[in-house]
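Below is one structure, written out as structure tokens; the observations come after it.
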Amino acid sequence: MKNYTPLVALIILLSASCSKPAEIITAHSYEELKGTVIGTYQGAVVETILSAHAEECGYKVEYHTEPASIIQGLKNGSIDLMTVRFPEFKAYMHSIPGLYQVWDSLLVDNQLVLFSQKNNELKDQFNEWLKLPETQQLMQDSKEYWFRPYGAPDPAPRDYDAPAEGDPIRAASSFTVVGTTYISNGKPAGVDMDVLYGFAKYVGRPVELLNMPTLSILAAAQTGQIDMGISGISRRPDGSINENMLISDPYNRASHALVGYSEELAVQQMKEAGLYKEKNFFTNMYDAFRRTFVEENRWQMIAGGLWLTVRISLYALIFGTLLGALICAMRMSRRRFISGAAKVYIEIMRVVPILVFLMIMYYAVFSTMGVSGEIVSVIALAMSMAAFVGDVFCMAIQGIDRGQREAGYALGFSKKQTFFNIILPQAARSAQDVYNGQVIAMIKATSIIGYIAVMDLTKAMDIIRSRTFDAFFPFIAAAVIYYLIAVVFVRLIGWLLDVALPKKGSAVAPELIINQAKKTVAPVSPDHSARNSEVVLSVNGLRKVFEDGVAVLENITTDIHRGDVVSIIGPSGTGKSTFLRCLNKLETSTEGTVTMQGIAEDEMRNHMGMVFQSFNLFEHLTVLENVCIGPMKLLHKSRAEAEMRGMELLSAVGLANKATYMPSQLSGGQKQRVAIARCLSMDPEVILFDEPTSALDPTMINEVLTVIRELAARGMTMLIVTHEMKFARNVSNRVFFMNHGVIYEEGTPQQIFSEPQREETKRFIQGISKFDYSIVKGYDFIDLSNSLEQFLLPRMMTQSVVSHTMAAVEELLLLFQNGNGCVARIESGASLTVQYIELSQSTEIILSYSDKLPQILSDSDREDDLSITLLRGYTSVLEESAGKLYAKIK
Ligand code: ADP
Ligand code: MG
């Protein structure tokens with residue numbers, strides 16, 4: 001995983017650390033502000049007033065959300081002036097040298113406390129409290145205490161002693177305005193805290209203090225999530241505050257000032273205070289590090305935020321993954337409304353921004369339930385992650401080849417066993433990278449939970465930034481920490497996967513097994529070594545109709561005896577595969593029964609092996625594991641026992657030396673031999689082969705056929721669908737010729753291959769293909785000869801056979817048209833058939849016409865007709881019976 005975040009952040013830092021000195025600005029009217037850029041806060045009262053004159057007086061207003069970014073702007077010269085409330089200005093001057101006042105009374109505004117609507121009584125109590133003379137005194141002392149000039153010692157945070165018993169006041173503040181509300185030495189501090197705790201003492205209630213950005217405080221007061229919000233909030237000039245909340249009388253008044261920054265002044269002030277140091281990039285970095293981590297033990301706050309981020313990420317990861325698995329299962333459900341619901345869920349989650357979703361969950365769904373922000377965060381993040389992860393899981397599972405599942409079923413695994421042993425491990429590996437990406441996305445998304453009163457890592461950094469006014473260093477530190485969290489999580493997931501799904505599982509040393517295997521060769525259980533009349537498999541009236549209504553198999557009835565080797569041949573698409581699949585119930589038959597002697601229906605698969613055209617080895621397992629998984633999981637053999645037997649089988653198919661290979665490292669022929677060994681590992685009574693060599697290069701076909709031949713010799717009962725005619729002839733004792741869904745003809749190899757009785761069988765065995773053309777009055781000879789040529793050319797025959805066939809057809813038609821009774825002949829028409837026989841690579845021509853007409857060749861007048869002479873030259877046989885002329889081309 002490459003992550004450039006730290007690098008990019010470093011570049012930003014470098015560019016930001018070059019500051020530009022500004023000259024001292026003086027202005028006491030809007031006109032004098034011409035040409036300046038003024039930084040102020042979004043939504044603040046003063047913003048409205050400044051913006052109103054901006055265009056007319058030729059200055060620019062820039063909106064920010066927090067002091068740290070405005071001060072950074074001042075320092076690097078992108079902002080000339082900032083607005084600040086007068087008391088806070090003092091607090092800033094306290095920590096930032098170089099600030100100077102430009103215009104002291106831009107506006108005076110009032111600070112208020114927000115109450116949720118249900119808290120009218122609390123609001124009245126607050127207003128009463130404000131009126132007390134002690135409160136006036138408290139305000140004055142408080143302001144003097146928190147707002148001090150530059151160089152004066154830091155005000156120490158206070159220990160507030162609110163009552164411990166009673167119904168707590170849920171109060172929220174933003175803690176990002178130095179002097180007013182902020183965190184000092186890890187404790188809440190500032191004028192607002194004095195006010196809050198003074199009031200709490202007055203009403204005799206404990207305080208539950210929440211940490212939220214100002215905008216969240218407004219929302220939380222409206223929904224009643226909090227009782228009161230106190231965060232230096234001021235009233236807009238039009239006097240309106242949303243009517244869904246209540247506001248107190250003003251508890252503080254403050255005038256707004258315009259403030260500038262001068263580097264020279266900063267140096268001068270620092271020298272005067274004896275705090276001046278030469279600066280360069282490294283000392284800047286060091287200072288930022290010290291301020292961010294060391295001063296006031298801020299690392300503790302960061303560590304707390306980090307721990308919370310990790311905890312929330314971890315819970316969201318666990319629940320998100322579980323929920324994702326559920327969503328995935330729902331999506332793959334056959335019930336339309338369940339899969340539909342999952343799809344809608346995924347769709348919604350995909351389009352709704354996670355921040356919006358988090359807000360909805362916190363302020364709408366859980367607002368009245370008193371669920372903590374932390375739990376809401378976990379729920380929201382987990383739900384969001386589940387949608388993406390569910391999608392990832394589904395795609396991974398659907399991406400696993402169907403053959404893997406079928407091979408699992410064929411081996412005897414139930415649906416569930418197949419899913420957990422075969423599908424899931426492969427899907428998990430293939431989904432791992434995308435899943436990791438989603439985990440990282442989720443960890444990054446935790447950075448928004450600060451909006452709902454949760455003090456995560458990002459929020460901790462925000463609060464620190466509001467104290468140190470470093471705009472960049474805390475971000476870089478955060479980026480590095482997030483990067484590390486992501487790395488640890490991804491490593492952890494990888495490790496868990498390795499533990500759950502080990503890539504190599506050989507308990508016994510491979511060399512040892514191989515040596516052992518060399519000693520023993522007993523691939524097939526000897527108990528079915530004799531061919532006899534015992535019926536192993538009985539098929540009765542089997543019929544299969546697919547959903548499209550087409551009958552693929554019709555009324556198949558047959559008995560398979562122990563030791564039978566049945567070759568099934570026939571054109572493609574006639575149902576050979578479907579027949580085999582119905583035998584081991586990979587396909588459910590529509591009618592009829594398949595039974596195995598003395599074996600319950602649902603056990604049959606365990607006693608029947610299947611070898612597929614496309615091998616379907618379990619891709620996530622080694623060769624040996626492929627051969628061991630069945631015996632271990634289904635026959636409950638120990639690993640050692642299964643491996644010993646597995647090695648015997650592998651050496652029987654000549655692959656003992658490949659035991660530790662993965663299937664992808666084998667050739668096609670080797671894969672198929674392993675597939676056969678895997679099949680044998682279950683000691684099947686019958687093995688079904690579905691075109692075992694069709695996917696192989698010619699050079700590999702033999703190595704597989706040899707293995708099958710060996711099995712036949714040892715008396716294994718087998719049904720083999722194959723196109724290898726020679727092999728079928730040699731190895732089997734019975735041959736089924738399947739055509740159009742039925743066993744069209746059955747017999748010994750001798751019968752089927754040498755003396756096929758039925759037309760279609762002959763045609764298939766001899767490889768006959770037909771060309772038909774009907775000769776009617778006015779037929780187009782050019783068209784006929786073109787079509788015939790197109791039929792003949794792609795077939796495997798010599799050029800002379802093609803040209804002789806073409807010429808013979810031409811001469812025949814000439815004779816036909818010009819011979820005895822020619823008018824009647826043309827009138828009644830004829831049909832021309834040209835057959836190509838693959839076996840002999842020869843062609844035959846049959847011309848049939850009305851048998852009432854005189855024969856063509858026996859016409860004595862034409863004995864020495866040139867056409868007849870030519871015809872005899874092209875053909876080896878030329879015969880005519882009533883209404884039919886037969887010619888075999890030389
Ligand atoms: P073969 O193995 O002899 O080539 P198959 O048994 O594979 O033939 O297929 C026989 C017929 O059944 C084909 O026409 C095929 O299109 C159809 N068929 C096979 N599987 C399905 C299925 N799952 N749904 C619908 N039709 C199918
Ligand atoms: Mg097939």
Side-chain angles (χ1 to χ4, degrees), residues 332 334 398 400-410 415 418 537 539 541-558 560 565-594 605 608-617 668 671-672 675-676 679 686-696 701 704-705 708 718-725 727-728 731-732 734-747 752-753 756 758-765 767-769 838:
M332 299 207 292
R334 275 201 203 119
Q398 283 161 353
I400 303 298
D401 191 78
R402 197 177 126 206
Q404 295 287 312
R405 201 176 332 134
E406 300 209 321
Y409 296 158
K415 270 192 169 168
T418 305
L537 188 64
V539 184
L542 184 68
R543 183 161 186 271
K544 173 70 189 175
V545 182
F546 281 110
E547 288 89 28
D548 56 11
V550 182
V552 174
L553 296 179
E554 279 289 0
N555 193 25
I556 296 185
T557 300
T558 185
I560 308 295
V565 178
V566 181
S567 289
I568 303 173
I569 58 172
S572 70
T574 51
K576 302 182 300 294
S577 297
T578 309
F579 176 51
L580 289 194
R581 293 161 59 82
C582 281
L583 294 185
N584 75 347
K585 319 269 189 211
L586 277 183
E587 217 62 88
T588 48
S589 48
T590 315
E591 274 171 44
T593 57
V594 177
R605 234 187 236 155
M608 228 188 279
M610 184 152 189
V611 175
F612 300 87
Q613 178 177 344
S614 48
F615 330 123
N616 297 344
L617 289 184
K671 282 186 197 176
Q672 196 62 298
I676 294 172
C679 198
V686 180
I687 303 180
L688 313 173
F689 290 87
D690 191 357
E691 303 197 24
T693 58
S694 294
L696 299 178
I701 290 178
V704 173
L705 295 185
I708 301 176
M718 299 186 284
L719 283 86
I720 309 164
V721 173
T722 183
H723 290 294
E724 300 291 327
M725 296 301 167
F727 168 76
V731 81
S732 46
R734 294 167 73 185
V735 178
F736 292 175
F737 171 65
M738 279 190 72
N739 199 16
H740 298 303
V742 297
I743 299 177
Y744 180 85
E745 187 166 347
E746 190 205 320
I752 296 293
F753 288 108
R758 301 186 61 185
E759 193 58 32
E760 296 283 336
T761 318
K762 271 187 226 168
R763 191 183 294 289
F764 181 80
I765 296 300
I768 296 174
S769 40
E838 197 186 323

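Counting convention: from 1, in listed order, for ligands and their atoms alike.
Contact between Met738 and Thr574 at its shortest, heavy atoms only, is O-OG1, 3.7 Å. Heavy-atom minimum distance, Val594 versus Lys585: O-NZ, 3.5 Å.
Sorted by chain and number, the residues within 4.0 Å of ligand 1 by heavy atom are Phe546, Val552, Ser572, Gly573, Thr574, Gly575, Lys576, Ser577, Thr578.
Counting only heavy atoms from C-beta outward, the side chains of Leu705 and Thr722 never approach each other to under 4.5 Å. Residues Val731 and Glu724 form no side-chain contact, since every pair of their non-hydrogen atoms from C-beta on lies 4.5 Å or further apart. Side-chain contact between Leu542 and Phe579: present, with at least one pair of heavy atoms (C-beta onward) separated by less than 4.5 Å. The closest side-chain heavy-atom distance from Arg543 to Asn555 is not below 4.5 Å. Side-chain contact between Ile400 and Arg405: absent, with no pair of heavy atoms (C-beta onward) separated by less than 4.5 Å.
Side chain of Lys544 to backbone of Thr588: a donor-acceptor contact under 3.5 angstrom is found. Formation of a donor-acceptor pair under 3.5 Å by the Arg758 side chain with backbone atoms of Glu745 is not found in this model.
By the criterion of a separation under 2.8 Å, the protein N/O/S atoms near the Mg ion (ligand 2) amount to Ser577 OG.
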